[in-house]
Amino acid sequence: MSQTAAPQAAPPPAAKAPVPAPAAAGKSAPGLVDTPALLNRWQLIGMSVAIVFGVLSALIQFGGWQSDGRAADDTEQLVRVQEIKSSLLRADALATNAFLVGGLEDPEQREEYDAALSSVLTEIANAAESQPADREVLAALNVEVSDYATAVAQARDNNRLGFPIGAEYLSGASTELRADAIPLIDNMVSANTDRTEDAMAGQHPVWLVLLGLVALAVLVWLNRELARHFRRRINKGIAVAAVIVLLVTVVTAFGALVRDNSNDSLLDGELATALSESNARTAANDAKANESLRLIKRVPGDSAFEVAWQASREIVDESASRETIGSWNDYVAQHEEIVRLDDAGQWNRAVTLATESTGGSTEPLDNFDATAKSVVTEARDVVVDDLRSGRILALVLSGLTVLLGVAAAVAVSRGIGERRREFS
Amino acid sequence: MRSLRRIAAPLVAVLFLAGCGYDATPLPKPEKVDVAPAAPVTPVECNNAKESYAPSNDRGAAIRQLKDRGRLVVGVSADTFQLGFTDPLDGDIKGFDIDFAQAVAEALDVTLQLRVITAAQRIDLLKSGEIDMVARNMTVNCTRWTQVAFSAVYYNATQKVLVRSDDVASYEKDGVESLKGKRVCAPTGSTSIDNITEKADVEVVAAANHTGCLIKFQTGEVDAITGDDTVLAGLAAQDPYADVPKQTKLTDEPYGLAVNKDDKDLARFINSVLEDMRSDGRWQASYDKWLKPYLLVDATPPTPDYGR
């Protein structure tokens, strides 16, 4: 094993290697082996395999690096879209609840409504910038939100004048919000969930292992062919290339496996928590809006509003986290008292319980909303931070893989060059 | 090496493209809403739909027919301005119809519970016994007499048309013909639609209720609204650009207070209360307070017709 590094050997002189006749170009004369041509071919195969391995392995890693980046962006977009939905229904819950007290609405509640709507409009703009594929739907949503805000403003104006048409504007706005705006958001939630899940499945350790095994198999075959012709069991250059391929395969596949497992944990852990809590927050505000609407429209009993309230309750019961379920249960108890009073004909007392800032159903719902919002934000941050951590290392490793592929190719070249020199 | 480049270049391109493309998020497909036509109702003939039971002030007999003897549950509207509406300023349900519900409860000396119902619920809730009485601009007719019992007529409403204030002159000149080709709103399934399409070639636009029609009127989706003059008066009161012009009525819509078909004693007692309201001036006071400012016509209590 004393081969020295030497540049690729020049083709041997014609006298020492039989040159095929022009009529049979590329073919050796019968019974003779064109060893230099064979060596050239093996060298080409070996170098090609090493470089293709390096490039493909780097591309698979680069794809994984890109996927993690996209997963972080898609997660942010998904949570942003959920936030739009929650804020929109929060705004509706505030608008309908404020309506119950006539024109003299609570300034803080009004301010919170304005803030919720501003948040919706800001996030729509951010979402359009972040994900061009959502732009058409966001443009349609923008129109719906604008219509909703206009109708609520008209409802307020008429309510302050004491006209019943105000309640009709308000219930119409709430109905159209659910019929026209929410389906748009649901489509975005669905599309971004698919994108996030696809992006999180962007690590391919198996591909890396298979690629490494194929490259190793070719190098082993090459070594065997060389051994058969030159009576040397191991070609040092090919052995070095094989070691490089093996090391790169083990390190990159292990890295991808770790990343893949981490992504699966995020998908089932923090991301699931963020989505689940978002759903709970949306449904809770939807429930509060329906509670107010049943009182505004004065329809006790199992009206459509109460049926919708029960549907929202089921969602919150299933989706709320440990941090928020307590506030939700407090709210449910207050709502049940409101229903009892309303069904017993004590509408005024029911309204008081639904609107008073402390001691009624508003306070626990507000607590639930604030805690749920914080749970969603924390879980989202964990997911995004994790997906974005170590990305530079992954990129460096990807670049290094290309260089190591080239190094393996050079090793193959030198190993076969050694045989060529021996032959000449 | 040239062959290597040939292999690697497309691979790089394919992997990059595979990583960058997103399908556009689809817009929801509009749901096709099939509006089922209202089931045809075969009119029932009778001699005099306005005829009710002779009045009786037997309070005990009337109370025995209440579902809860300490409470009178009355189905009312909460969005018909001036007839039965929630006053946003104090949350109370008020109006012309509500005055009659209060008068009956006071005479029975029981608690009044107002239950907001839709027009479509009126007969079903009376039949099921969930409410004792309906005071919700309910027209007395022979078909309904087969399903419920009515008091004597407490108000003679008529179907009319509300138009934009700049269309008043043309409507007063040409009547319903002036609406030819225009969009007219009426609540879904109401007979008002048939009454106006029989008289003029108009485009009918339906809404959930009359207040919904007023929203369409304000947003320019319709040019006129048709309905009972009492209801139109309430709509006009909420919009300075909506007027009920002087016009020939399209139909008569006599209002009665409805009770369960078997509650004849309650109907007789209600008729005695109506007699009192007509004679002691409460009927007139209620009309003058709720309807006269918007209908702009003097009215007197309808003459009761008994004998059923």
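Every chain is numbered from 1 and lettered A, B, ... according to where its sequence line falls, protein lines coming before strand lines.
Side-chain atoms of B/Y22 and A/N192 form no donor-acceptor pair, as typed in the model, at a separation below 3.5 Å. Between the side chains of A/D134 and B/T25, at least one donor-acceptor pair of N or O atoms lies under 3.5 Å.
Of the atoms belonging to B/I93, heavy atoms from both backbone and side chain fall under 4.5 Å from chain A. Within the 4.5 angstrom heavy-atom criterion, atoms from both the backbone and the side chain of B/F81 approach chain A. Using a 4.5 Å cut-off between heavy atoms, B/Q238 contacts chain A through both its backbone and its side chain. For A/N348, the part lying under 4.5 angstrom from a heavy atom of chain B is the side chain only.
Per-residue heavy-atom pair counts under 4.5 Å with chain A were compared for B/T219, B/T80, B/L235, B/N209, and the maximum is reached by B/N209. Across A/L184, A/L100, A/V299, the residue that shares the most heavy-atom pairs under 4.5 angstrom with chain B is A/L184. Note: A/G162 leads A/G162, A/A191, A/P183 in heavy-atom pairs under 4.5 Å with chain B. Between chain A and the residues B/D23, B/T111, B/T118, B/L114, the largest count of heavy-atom pairs under 4.5 Å involves B/D23.
Judged by distance alone, with hydrogens and angles left aside, the side-chain atoms of B/D79 form no donor-acceptor pair with the main-chain N or O of A/P164 at under 3.5 Å.
Within the 4.5 Å cutoff, no side-chain heavy atoms of B/L27 are placed close to those of A/N187.
At a heavy-atom cut-off of under 4.5 Å, chain A is reached by B/R71, B/A78 from residues 70-78 of chain B, listed in order of number.
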